[in-house]
Every structure is written in structure tokens, then in C-alpha cells.
There are 2 protein chains.
Amino acid sequence: MADSAKPVSRREGRKEAAVAADETQAVQLGELSDLLGYVLKRAQLKVFEDFLHCVAPLQLTPAQFSVLLLLDANPGRNQTEIANTLGILRPNFVSLLDSLESRDLCTRVRSANDRRSHILMLTEKGHAVLARAKKLVVSKHEARLNELLGPDGREALLAMLTKIAEEF
Amino acid sequence: MADSAKPVSRREGRKEAAVAADETQAVQLGELSDLLGYVLKRAQLKVFEDFLHCVAPLQLTPAQFSVLLLLDANPGRNQTEIANTLGILRPNFVSLLDSLESRDLCTRVRSANDRRSHILMLTEKGHAVLARAKKLVVSKHEARLNELLGPDGREALLAMLTKIAEEF
DNA sequence: CCGTGTTTGATATAGTGGATAACAATTATC
DNA sequence: GATAATTGTTATCCACTATATCAAACACGG
């Protein structure tokens with residue numbers, strides 16, 4: 001999100017005329033601040049933005065990180081299984097994998113059982129990058145969330161979001 | 001999200017061979033289920049999907065609904081102010097407004113003070129549609145969230161998300 | 001009043017994510 | 001062995017996001 005897209009809190013530098021009191025009056029959010037979907041999306045953008053910033057030295061997006069995590073936890077799976085688990089459509093998963101493979105973070109190996117499918121595995125470098133990424137995520141990203149919400153707050157939030165994601 | 005994109009819970013109809021026990025073993029989410037950003041995004045998609053479904057009779061997207069809400073709460077504002085408040089870039093706000101205006105839900109009026117800017121206002125039809133949309137959102141969408149989380153759970157969730165959106 | 005700079009809405013354009021159709025290769029099924 | 005289904009892939013489309021640029025209108029200092 002560009003600077004000019006930052007919401008609400010942007011005090012436009014113009015019109016110093018409205019000296020003390022008025023200050024051009026901020027736009028009222030009104031019932032929008034009670035719309036869960038609205039706040040949810042706003043929070044999600046903020047969290048992704050921070051994730052990107054924290055993992056910037058490793059050049060990993062949230063989606064790429066989630067793929068590496070899944071490959072680590074599920075060796076020997078094919079593209080369809082990993083893509084489905086992440087809610088990514090197979091066609092769109094191809095270029096994502098291309099990118100990871102071109103950076104030598106994972107490899108596609110033709111399966112011996114079913115020569116149609118590609119078995120996915122992390123490379124050595126993939127394991128190393130994932131390990132460093134995890135450290136950054138825990139020590140910087142999630143740590144900041146813990147600081148803001150408290151450990152129990154974070155747990156409660158995670159539980160409610162999981163409930164929505166699974167049961168809603 | 002298409003059917004084929006539905007995460008995890010998709011038991012592929014193939015291979016009845018794995019009769020009772022094995023069942024091809026589900027892919028393990030692993031540490032992904034503790035990643036707040038991941039669950040946050042998943043929950044957000046679910047909530048938007050439900051919103052879209054609940055307001056389908058009025059053909060309003062979350063973004064369009066939020067614009068109508070803001071125009072109602074802030075009559076007499078121009079495009080830049082409304083767009084900034086919603087975190088929408090001015091260029092992208094133009095077509096959004098075009099769509100609403102072509103449906104006679106709002107109007108652009110040249111300001112008398114500053115003939116560069118367009119004052120935005122809801123039309124009569126806009127007010128009516130917004131009123132009906134609000135009813136649908138409250139009675140169907142938010143009601144379902146209340147049912148899932150409980151009134152206090154929903155409040156707590158809203159509070160934490162707002163905190164993230166504003167202070168993170 | 002004039003000229004410089006800024007703001008507003010708008011256009012064009014590019015990048016990204018998500019979605020569908022179709023295809024060759026391979027496998028499953030009957 | 002013929003037909004159907006699956007896997008990875010390509011092409012393509014749509015929505016959303018982002019940047020640069022423009023004309024019109026305004027602000028302001030000289």
C-alpha cells in the first residue's frame with residue numbers, strides 16, 4: 001500500500017489556515033468501525049506488511065513462506081496436494097513453484113509410482129532459508145504481535161480466527 | 001475461491017482403494033496453524049465470502065458497501081477524502097465511483113468553493129439500498145458471526161483487530 | 001496581475017492474485 | 001484396449017493494487 005493509500009491517520013499537510021480548532025475535521029468512520037470484515041481486512045494488510053518487512057532480508061512473501069513450511073512438514077507430496085492445502089489453484093501454483101525452484105529452495109522430482117506427478121522437496125538451501133525465516137518470523141514478527149496483544153490475547157485471537165476460518 | 005481451491009478439508013473423491021484406515025493421509029498444516037497472518041487471511045476470505053453471499057440480492061461488494069456507509073456518515077466530502085479514508089488510491093476510486101453512480105446510488109457534484117473537487121452524496125436510491133444492505137448485514141452476516149463467537153467473543157475479536165489495524 | 005507550485009479528478013499502464021478452459025502425458029477402470 | 005480421470009502446464013481473463021502523467025483549478029509570493 002503506497003503512502004498515499006494509508007488510511008484515516010493521514011493529516012494532509014495543506015491548509016494551515018485551519019489553525020487551532022477545526023483542522024478540516026476528520027472523516028468519520030461511523031458504522032464501518034463495527035464491521036468485522038472491514039477491520040479484519042485492515043488488520044490482515046497490516047500483518048502481511050509487517051511480515052514482508054521482517055522477512056525482507058530473505059526475500060520471502062507470506063505465500064512462499066507457507067509453501068516452504070508445508071514442504072518441510074510434508075515431504076514427498078505433489079503439487080496438487082500442497083496447492084490444495086494452501087487454497088492455491090494448481091495453475092497459479094506453477095509459477096510460484098517455478099520461482100522457488102529457480103532460487104534453489106525446492107525441487108520437483110518425477111514420482112516413480114505415478115509419473116504424472118511431481119514430488120516436492122526442500123533443497124538443502126531451502127531448509128537453511130526456512131530455518132532463518134522461522135527465526136525472523138518468531139523473533140521479530142510474532143514477537144511484535146505478542147507485545148501488542150499479550151501472549152494470551154494472541155492465543156485468543158488465533159483461536160477465534162481459526163474458528164472462523166474452519167467453521168464459518 | 002473456487003471449489004478446487006478449498007483448503008485442507010477436501011477429501012478427494014479418488015482412490016477408494018484406501019478403504020478404512022489410511023485414507024491417503026491428510027497434509028499436515030504444521031506450524032502454519034500458529035502463524036497469525038495465515039489464519040488471519042483465511043478468516044478474512046471466509047468473512048468476505050459470507051458478506052458477498054448475504055448481500056448478494058443487492059449486488060454490493062464489501063468495498064462498495066463501505067463507500068456507501070462512508071458517504072452516509074460524511075455528506076459533502078470529495079473523492080480524495082473518501083478514498084483516503086478507505087485506503088483506496090484515487091485513481092482506483094474513479095471506476096468504483098463510476099459503477100456506483102451508473103447504478104444511481106450516488107452522485108458527483110462540482111463543489112462551489114473548489115471547482116476542482118467533486119462533492120459526493122448518496123442518492124435517494126442510494127439511501128434506500130444502503131438501508132436494506134445494513135439490514136442484511138446485521139441480520140444475516142454479523143448475526144452468523146455472533147452465533148459462532150458469542151457477542152462478547154465478537155467484541156473481543158473486533159477490539160484486537162482494531163488494535164492491530166491502528167497500532168501495529 | 002503573473003508565474004510557479006500544488007491539488008483534484010481522471011487516464012493509461014503495469015503488476016499481482018485469483019479463476020476457468022484446454023492440452024499432452026499418464027494412469028485408472030471397465 | 002477403449003474410455004474416462006488425473007497431473008502439471010499454458011493461455012487467458014478478471015479484480016485489485018500501484019505509479020506516472022495530464023488538464024483544470026486553486027494557492028501564493030513577487
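Order of the sequence lines fixes the chain letters, A, B, ..., with proteins taken first and strands second; residue numbering starts at 1 for each chain. Computed from a predicted structure; not experimentally measured.
One can place CG of A/Leu52 at 16 Å from P of D/dT17, the figure rounded to the nearest angstrom. Rounded to whole angstrom, the span from the CG atom of B/Asn78 across to the P atom of D/dA25 amounts to 16 Å.
Picking from C/dT26, D/dC26, C/dA12 the nucleotide with the shortest atom distance to the side chain of B/Asp114 gives D/dC26. Side-chain atoms of A/Thr80 lie closest to D/dT7 of the nucleotides D/dT9, D/dT7, D/dA20. Looking at the side chain of B/Asn92, the nearest of the listed nucleotides D/dT17, D/dA11, C/dA10 is D/dT17. Residue A/Arg116 has its side chain nearest to C/dT27 when only C/dT8, C/dT27, D/dT19 are considered. For A/Ser117, the side-chain atoms get nearest to D/dG8 when compared with the rest of D/dA25, D/dG8, C/dT27. For A/His118, whose side chain is taken as the heavy atoms from C-beta onward, the closest listed nucleotide among D/dA24, D/dA11, D/dG8 is D/dG8. For B/Gln79, taking side-chain heavy atoms from C-beta onward, the closest of the listed nucleotides C/dG9, D/dT7, C/dA21 is C/dG9. For B/Val94, taking side-chain heavy atoms from C-beta onward, the closest of the listed nucleotides C/dT8, C/dT11, C/dT20 is C/dT11.
Interface remark: the A/Arg115 side chain does not form any donor-acceptor pair with the C/dT26 base, using a distance-only criterion of under 3.5 Å.
The shortest distance between the side-chain N/O atoms of A/Arg90 and the OP1/OP2 oxygens of C/dG18 is not below 4.0 Å. When the side-chain nitrogen and oxygen atoms of A/Lys41 are compared with OP1 and OP2 of D/dT17, one or more of them lie within a distance under 4.0 Å.
B/Lys134 and A/Glu31 are joined by a salt bridge, as a carboxylate oxygen and a charged side-chain nitrogen come within less than 4.0 angstrom of each other.
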